[in-house]
Amino acid sequence: MSLSKDRGDLWVGSFGLMKGDQVRRISLDYGIESRLENYVSVITRRISWPNEIDEVPEQIFGNGYFLVAGGFLTPGRGNGAISLVHRVDGFVRPLTQRKKGWFYHRAAWVDMDQDGRLDILTARAKKSMFSDGRGEMLWLKQPKDPLNDRWEEVLMFEGPDVFFEPGDFDQDGDLDIMVGEFFNERLVMYWNKGGRYSLEVVDDSLGPIFDMKWVDLNADGVREFLVTNHISDKRSGVYVYELSSKGKWEKRVLLSDIKTRRKGPGQGSPGVAIPVELSYGQKPAIIVSGDGSESFFILQATSQDTHAWDYESKEYQVGSTVGKLTIGDVDSDGFYELFVPLYDESKIFVYRLLPEI
């Protein structure tokens with residue numbers, strides 16, 4: 001689920017174990033006080049298990065396209081793709097080549113070959129009931145005619161499978177990639193030195209790694225990695241990793257021992273974490289999708305001291321698996337609206353984040 005940049009549309013991917021794969025657009029032009037189901041359009045049913053949905057930069061296709069990463073390890077949904085989707089007529093064009101049993105969760109726009117054109121960086125995964133999970137990192141080269149020509153796939157290395165974060169993390173001019181290897185159960189940094197990647201295992205103690213973001217959490221002008229895992233034991237939580245001046249990783253625990261209430265195989269907590277600046281000039285709050293905990297969390301720093309890492313956590317139970325959250329001030333009233341998808345209920349709750357009095 002994601003908001004368009006102009007905040008006029010909410011894009012929702014839906015799926016089920018047997019059926020129900022859809023990409024839908026919910027128009028917010030009428031205000032969130034209206035019944036949102038009155039303004040829902042089904043854009044396409046042609047994408048298998050749609051995961052992350054993101055706008056395509058305007059300089060590539062103009063204003064009007066989204067990129068959808070699709071597929072999952074559920075039987076019959078393993079043939080995923082990175083697909084281009086038109087926001088109005090539902091035109092769908094897969095940009096990846098069909099690779100049986102592989103699925104995609106995230107894509108990022110990066111100029112990988114320094115030719116001045118944005119390419120697509122992504123990871124894909126494969127997992128069956130009778131084999132261990134596998135992953136591959138690859139990128140798709142933007143062709144001269146990006147709408148009609150074939151996007152060449154360039155395989156980089158094995159291991160990355162679901163979530164990743166690209167960036168020049170050591171500021172040497174080369175693109176590095178932080179990866180959460182879900183199946184290998186480790187947080188890994190792929191350092192780039194002149195086009196050659198080397199692997200550093202940052203942490204292999206958290207179980208399956210879920211999401212990560214590179215963001216300045218303590219308002220000191222230096223960004224850290226905000227990381228979540230997905231597991232049903234006391235390790236489930238929200239973590240921060242900071243690279244010290246000596247090249248050592250410092251790990252901090254912001255929240256742990258999240259209870260997984262949802263029963264069944266593969267259930268775990270939490271999901272994604274979103275930093276958001278609720279008060280200007282202060283440390284961002286962190287909003288966490290609880291996933292199998294059937295709740296979401298809002299974490300706020302108890303001190304504005306840049307050296308302090310204590311957070312107060314508030315849990316909001318909703319009684320359903322919570323998918324990917326999204327947030328924005330959609331009605332321009334100065335307050336954020338938080339959209340919380342309830343997977344088991346096929347509903348979206350909307351919360352307005354007001355200042356405490």
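Computed over heavy atoms, backbone and side chain alike; hydrogens, waters and symmetry mates excluded.
Between K193 and D170 there is a salt bridge, since at least one side-chain N of the basic residue sits less than 4.0 Å from a carboxylate O of the acidic one. The pair E294-R261 does not count as a salt bridge, with every side-chain nitrogen at least 4.0 angstrom from each carboxylate oxygen. A salt bridge does not link R134 with D132: none of the charged nitrogens is closer than 4.0 Å to a carboxylate oxygen. Using a 4.0 Å cut-off between a side-chain N of Lys or Arg and a carboxylate O of Asp or Glu, R46 and D21 do not qualify as a salt bridge. Taking 4.0 Å as the cut-off between side-chain N and carboxylate O, E136 and K99 count as a salt-bridged pair. Salt-bridge check for R106 with D54: failed, with every basic side-chain N at 4.0 Å or more from each acidic carboxylate O. Under a 4.0 Å N-O distance rule, the pair E242/R223 does not qualify as a salt bridge.
Here the side chains of S289 and F296 are not in contact, with every heavy-atom distance at 4.5 Å or above. For the pair M156 and L121, the minimum side-chain heavy-atom distance is below 4.5 Å. With contacts defined as side-chain heavy-atom distances shorter than 4.5 Å, the pair L226/M212 does not qualify. Taking the side chain as every heavy atom from C-beta outward, L206 and L187 never approach each other to under 4.5 Å. Side-chain contact check for Q142 versus I60: some heavy-atom pair is nearer than 4.5 Å. Contact annotation: the side chain of L338 never approaches that of V276 to less than 4.5 Å [non-hydrogen atoms, C-beta and beyond]. Contact check for V85 versus L67: no side-chain heavy atoms found under the 4.5 Å cut-off. The shortest side-chain heavy-atom distance between L342 and F349 falls under the 4.5 Å cut-off.
F339 is connected to V40 through a chain of hydrophobic side-chain contacts under 4.5 Å among Ile, Leu, Val, Met, Phe, Trp and Tyr, so both are in one cluster. Note on L140 and F61: same hydrophobic cluster, where clusters join Ile, Leu, Val, Met, Phe, Trp and Tyr whose side-chain heavy atoms are under 4.5 Å apart, directly or indirectly. F183 and V227 fall within the same hydrophobic cluster, where Ile, Leu, Val, Met, Phe, Trp and Tyr residues are linked whenever their side-chain heavy atoms come under 4.5 Å apart, directly or through other members. Under the 4.5 Å side-chain heavy-atom criterion for Ile, Leu, Val, Met, Phe, Trp and Tyr, L217 and V222 are members of distinct hydrophobic clusters. Taken together through direct or relayed side-chain contacts under 4.5 Å among Ile, Leu, Val, Met, Phe, Trp and Tyr, I286 and L353 form parts of separate hydrophobic clusters.
When atom types are taken as modelled, the side chain of N229 and the backbone of G207 share no donor-acceptor pair closer than 3.5 angstrom. Under a 3.5 Å cut-off, the side chain of D111 and the backbone N or O of G116 do form a donor-acceptor pair. The main-chain N or O of F335 is never found under 3.5 Å from a side-chain atom of R352 such that the two would form a donor-acceptor pair. A side-chain donor-acceptor contact under 3.5 Å links N192 to the backbone of L175. With hydrogens and angles ignored, the 3.5 Å screen pairs a side-chain donor or acceptor of T228 with a backbone N or O of D211. Checking side-chain atoms of R186 against main-chain N and O of V202 turns up no donor-acceptor pair under 3.5 Å. Using modelled atom types, no side-chain atom of T302 and backbone atom of E312 make a donor-acceptor pair closer than 3.5 Å.
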Report task. For the pair D331 and E337, evaluate side-chain contact (heavy atoms from CB on, under 4.5 Å) and give the outcome as yes or no after the intermediate values. Result -> CA-CA 8 Å; D331 52 6; E337 282 73 42; 3.2 Å; yes
Query raised in the report: Step by step, would you call F297 with I287 a side-chain contact (heavy atoms from CB on, under 4.5 Å)?
Result: CA-CA 6 Å; F297 302 82; I287 302 176; over 6 Å; no
Requested in this report: May I have the step-by-step check of side-chain contact (heavy atoms from CB on, under 4.5 Å) for V42 and V23, ending in yes or no?
Outcome: CA-CA 6 Å; V42 176; V23 174; over 6 Å; no
Report task. Begin with the C-alpha distance, continue with both residues' side-chain angles, and end with the deciding distance and a verdict on side-chain contact (heavy atoms from CB on, under 4.5 Å) for D119 and W109. Result -> CA-CA 6 Å; D119 310 298; W109 292 97; over 6 Å; no
Query raised in the report: Would K141 and D113 count as a salt bridge (charged side-chain N to carboxylate O under 4.0 Å, His left out) if you check the C-alpha gap in whole Å, the side-chain angles of each, and the deciding distance to 0.1 Å?
Result: CA-CA 8 Å; K141 179 177 174 59; D113 52 3; 2.5 Å; yes
Requested in this report: Could you give me the CA-CA distance, side-chain angles and deciding distance for E250 and R252, then say whether salt bridge (charged side-chain N to carboxylate O under 4.0 Å, His left out) is met?
Outcome: CA-CA 7 Å; E250 296 183 12; R252 298 177 176 88; 2.9 Å; yes
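Enclosure of atom CD in Q171 is not indicated, since only 12 or fewer non-hydrogen atoms of other residues, nucleotides or ligands lie within 6.0 angstrom.
The minimum heavy-atom distance linking F164 with A108 is given by the pair CE1-CB, 4.0 Å. In plain terms, the two heavy atoms of G133 and K127 that are nearest each other are N-CD, 3.3 Å. When all heavy atoms are compared, the tightest approach of T306 to A219 is CG2-O, 3.9 Å. Nearest heavy atoms, V253 versus S256: CG1-CB, 3.9 Å. The heavy-atom pair separating I274 from L325 by the smallest distance is CD1-O, 3.3 Å. In terms of heavy atoms, D161 sits closest to G135 at CB-CA, 3.9 Å.
Atom OG of S4 and atom CD1 of I53 lie 12.0 Å apart (nearest 0.5 Å). For the atom pair I258 CD1 and H230 NE2, the distance stands at 11.0 Å (nearest 0.5 Å). Distance check: E277 CD to S279 OG gives 8.0 Å after rounding to the nearest 0.5 Å. Taken from CG in D291 to CD1 in I231, the straight-line distance is 13.0 Å, to the nearest 0.5 Å. How far CG of D216 is from NZ of K283: 10.0 Å, rounded to the nearest 0.5 Å. Here H105 contributes atom NE2 and I82 contributes atom CD1; the two are 10.5 Å apart, rounded to the nearest 0.5 Å.
Among the candidates W214, Y241, Y190, the single residue satisfying the ring pair (Phe, Tyr, Trp, His ring centres under 6.0 Å) test with F169 is W214.
Residue pairs meeting the side-chain hydrogen bond (donor to acceptor under 3.5 Å, both in side chains) criterion with at least one member in residues 263-272, sequence neighbours excluded: T260-S269. Sorted by first and then second residue, the salt bridge (charged side-chain N to carboxylate O under 4.0 Å, His left out) pairs with a member in residues 144-154 read R124-E153; sequence neighbours excluded.
Centroid-to-centroid, the aromatic rings of F72 and F15 stay 6.0 Å apart or farther. Residues F66 and W11 bring their aromatic ring centres within 6.0 Å. Aromatic ring centres of F163 and F210: separated by under 6.0 Å. No close placement of the Y239 and F225 rings is indicated, their centers lying 6.0 Å or farther apart.
Neither side chain, R24 nor S41, offers a donor N or O lying under 3.5 Å from an acceptor on the other. Inspection of the D344 and T321 side chains reveals an N or O donor paired with an N or O acceptor under 3.5 Å. Inspection of the W249 and E200 side chains reveals an N or O donor paired with an N or O acceptor under 3.5 Å.
When the salt bridge (Lys or Arg N to Asp or Glu O under 4.0 Å) test is applied to K251, the partners found at least two apart in sequence or on another chain are D203.
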